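Let me begin by presenting the structure, written as structure tokens, before commenting on it.
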Protein chains: 2
Amino acid sequence: MHKREAFTRDENCLADYMKALGHPARIAILKAIAEKKSCICGDLVVALPLAQSTVSQHVKELKEAGLVKGTVDGPRSCYCIDPEAMARLEGSFGKFCASIVQKCC
Amino acid sequence: MHKREAFTRDENCLADYMKALGHPARIAILKAIAEKKSCICGDLVVALPLAQSTVSQHVKELKEAGLVKGTVDGPRSCYCIDPEAMARLEGSFGKFCASIVQKCC
DNA sequence: ATCGTATATCGCAAATATACGATAATATTC
DNA sequence: GAATATTATCGTATATTTGCGATATACGAT
């Protein structure tokens with residue numbers, strides 16, 4: 001029921017990033033991971049007011065969006081920000097906004 | 001079931017903006033409005049592969065997010081971008097990304 | 001091998017989002 | 001005032017998201 005095919009690749013791509021950030025828990029998770037530089041899942045569960053399975057689910061979405069990378073460290077999972085991806089997103093979103101503002105005025 | 005209260009005002013605020021942009025139709029609508037500087041609803045319906053009621057619904061969400069302003073012009077509705085809001089969003093998102101990237105590395 | 005710890009995944013319930021047709025509301029024109 | 005045109009809203013069906021407990025998986029320690 002989501003008519004993805006009807007829109008351009010760019011529109012879908014940007015919308016997917018925005019959707020990944022469209023939940024306060026995922027904003028908070030990004031901040032928490034960045035804060036600690038690299039963050040094991042347990043730290044996130046303690047830091048967030050959500051159940052472990054819910055945190056794991058949100059992290060998964062951030063990984064699928066490509067903003068977070070995960071490595072296994074023994075029994076733990078260790079997450080870190082993908083700084084290149086964040087920087088790229090910042091850049092393309094900035095361009096998008098600037099283009100809107102420039103054209104609209 | 002959305003635990004908004006459990007997160008900070010900033011986290012919720014940014015997430016709300018991101019959610020508003022988290023659909024390709026709304027990205028396309030913003031671009032279309034900017035393109036024409038000000039855009040009546042009918043133009044959007046022609047430009048988009050969606051029913052009139054669906055377009056109206058998406059525009060409403062963009063208005064609620066504060067990114068689009070609407071004025072009534074006779075029987076028509078005329079939409080335009082709120083450039084200050086777009087610029088503010090660009091700025092705060094840029095700061096958010098930069099802070100994440102800076103801390104994480 | 002068994003136990004304990006850490007995390008991912010599954011299954012489910014509730015809430016939201018998406019899309020559309022039908023209808024209502026509003027303004028213009030005849 | 002009736003007919004037309006434009007847009008918003010309502011009702012509804014379906015899909016997706018959110019959240020959690022329970023379970024499965026993987027690993028280290030005993």
Side-chain angles (χ1 to χ4, degrees), chain A residues 1-7 11-12 15-30 32-33 36 38-65 67-80, chain B residues 1-7 11-12 15-30 32-33 36 38-65 67-80:
Chain A
M1 204 179 240
H2 227 197
K3 292 192 146 189
R4 300 186 110 264
E5 342 72 44
F7 300 96
E11 285 159 358
N12 276 299
D16 283 343
Y17 277 119
M18 296 295 103
K19 187 151 62 167
L21 297 177
H23 192 291
R26 294 193 286 274
I27 300 285
I29 287 172
L30 282 183
I33 295 178
K36 297 207 159 196
S38 89
C39 195
I40 63 172
C41 183
D43 292 341
L44 291 177
V45 174
V46 171
L48 292 172
L50 294 170
Q52 178 267 323
S53 58
T54 307
V55 172
S56 199
Q57 175 72 20
H58 281 301
V59 171
K60 188 183 177 189
E61 289 177 59
L62 290 170
K63 280 202 290 186
E64 280 167 359
L67 298 174
V68 163
K69 289 181 296 189
T71 57
V72 177
D73 171 28
R76 283 163 253 269
S77 274
C78 192
Y79 303 121
C80 61
Chain B
M1 204 180 238
H2 227 196
K3 293 193 145 189
R4 300 187 108 264
E5 341 72 44
F7 300 96
E11 285 159 358
N12 277 298
D16 284 343
Y17 277 119
M18 296 295 103
K19 187 152 58 167
L21 297 176
H23 192 292
R26 295 194 286 272
I27 300 285
I29 287 172
L30 281 183
I33 295 177
K36 297 207 159 194
S38 89
C39 196
I40 64 171
C41 183
D43 293 341
L44 291 177
V45 174
V46 171
L48 291 172
L50 295 170
Q52 178 267 322
S53 56
T54 307
V55 172
S56 199
Q57 175 72 19
H58 281 302
V59 171
K60 188 183 176 189
E61 289 177 59
L62 289 171
K63 280 202 289 187
E64 282 169 356
L67 298 173
V68 163
K69 289 181 296 189
T71 58
V72 177
D73 172 28
R76 284 163 252 269
S77 273
C78 191
Y79 303 121
C80 62

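Just so it is clear, the structure is predicted and the values come from calculations on it, not from any experiment. Letters go in sequence order (proteins before strands), and every chain restarts at 1.
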Point to revise | Set of residues satisfying side-chain contact (heavy atoms from CB on, under 4.5 Å) with respect to T54(B), sequence neighbours excluded | key: L50(B), A51(B), H58(B)
Exercise for review: Could you name each residue pair satisfying salt bridge (charged side-chain N to carboxylate O under 4.0 Å, His left out) that touches residues 48-61 of chain B, not counting sequence neighbours?
Suggested key: R26(B)-E61(B)
Point to revise | Between C1' of dA8(D) and CG of L44(B), the distance in whole Å | key: 14 Å
Check your understanding: Starting at CG of D43(B) and ending at P of dT6(D), how long is that distance when rounded to a whole Å?
Key -> 10 Å
**Study point:** Student check: side-chain heavy atoms of L21(A) and Y17(B) closer than 4.5 Å
**Key:** no
Exercise for review: Find the distance E5(A):CD to dT18(C):P and express it as a whole number of Å.
Suggested key: 14 Å
Practice item. Ignoring backbone atoms, establish whether R26(B) has a side-chain N or O less than 4.0 Å from OP1 or OP2 of dT18(C). Key: yes
Point to revise | Minimum heavy-atom distance Y79(B)-V68(B), with the two atoms named | key: CB-CG1, 4.0 Å
Practice item. Tell me, please, which residues at least two apart from R4(B) pass salt bridge (Lys or Arg N to Asp or Glu O under 4.0 Å). Key: D16(B)
Review point. For the residue pair A6(B) and P49(A), what are the closest heavy atoms and their distance?
Key: CB-CG, 3.4 Å
Review point. Just how far, in rounded Å, is P of dA17(C) from CG of L62(B)?
Key: 14 Å
Exercise for review: Find the distance D73(B):CG to dT28(C):C1' and express it as a whole number of Å.
Suggested key: 12 Å
Review point. For DNA chain D, which ranges pair as stems of 3 or more consecutive Watson-Crick or G-U pairs, with both donor-acceptor distances under 3.5 Å?
Key: C:1-30 with D:1-30
Study note, to complete from the structure: Heavy-atom closest pair (I29(A) atom, V55(A) atom, distance to 0.1 Å) is CD1-O, 4.3 Å
Check your understanding: Once you round it to whole Å, what is the distance between P of dT18(C) and NE2 of H2(A)?
Key -> 5 Å
**Study point:** First encountered from the 5' end of DNA chain C, between R4(A) and V45(A)
**Key:** V45(A)
Exercise for review: Can you sort out the partners of K69(B) under side-chain contact (heavy atoms from CB on, under 4.5 Å), two or more places apart, ordered by chain and number?
Suggested key: C80(B), D82(B)
Practice item. Name every residue in residues 49-61 of chain A that has at least one heavy atom under 4.0 Å from any atom of DNA chain D, in order of residue number, or write none if there are no such residues. Key: L50(A), A51(A), S53(A), T54(A), H58(A), E61(A)
Study note, to complete from the structure: Looking only at heavy atoms, the pair that brings A20(A) and A65(A) closest together is CB-CB, 3.6 Å
Point to revise | Strand contacts (DNA chain D) in residues 18-25 of chain B, 4.0 angstrom heavy-atom criterion | key: none
**Study point:** With sequence neighbours excluded, residues passing side-chain contact (heavy atoms from CB on, under 4.5 Å) with E11(A)
**Key:** F7(A), T8(A), P24(B), I27(B), A28(B), K31(B)
Exercise for review: Round to the nearest Å and state the distance from D16(A) atom CG to dT16(D) atom P.
Suggested key: 13 Å
Review point. So, do D43(A) and V46(A) sit near enough that their side-chain heavy atoms are less than 4.5 Å apart?
Key: no
**Study point:** Atom-to-atom span, CD1 of I33(B) to P of dT7(D) - whole angstrom
**Key:** 12 Å
Practice item. Looking only at side-chain atoms of Y79(A), point me to the closest of dT6(D), dT7(D), dA8(C). Key: dA8(C)
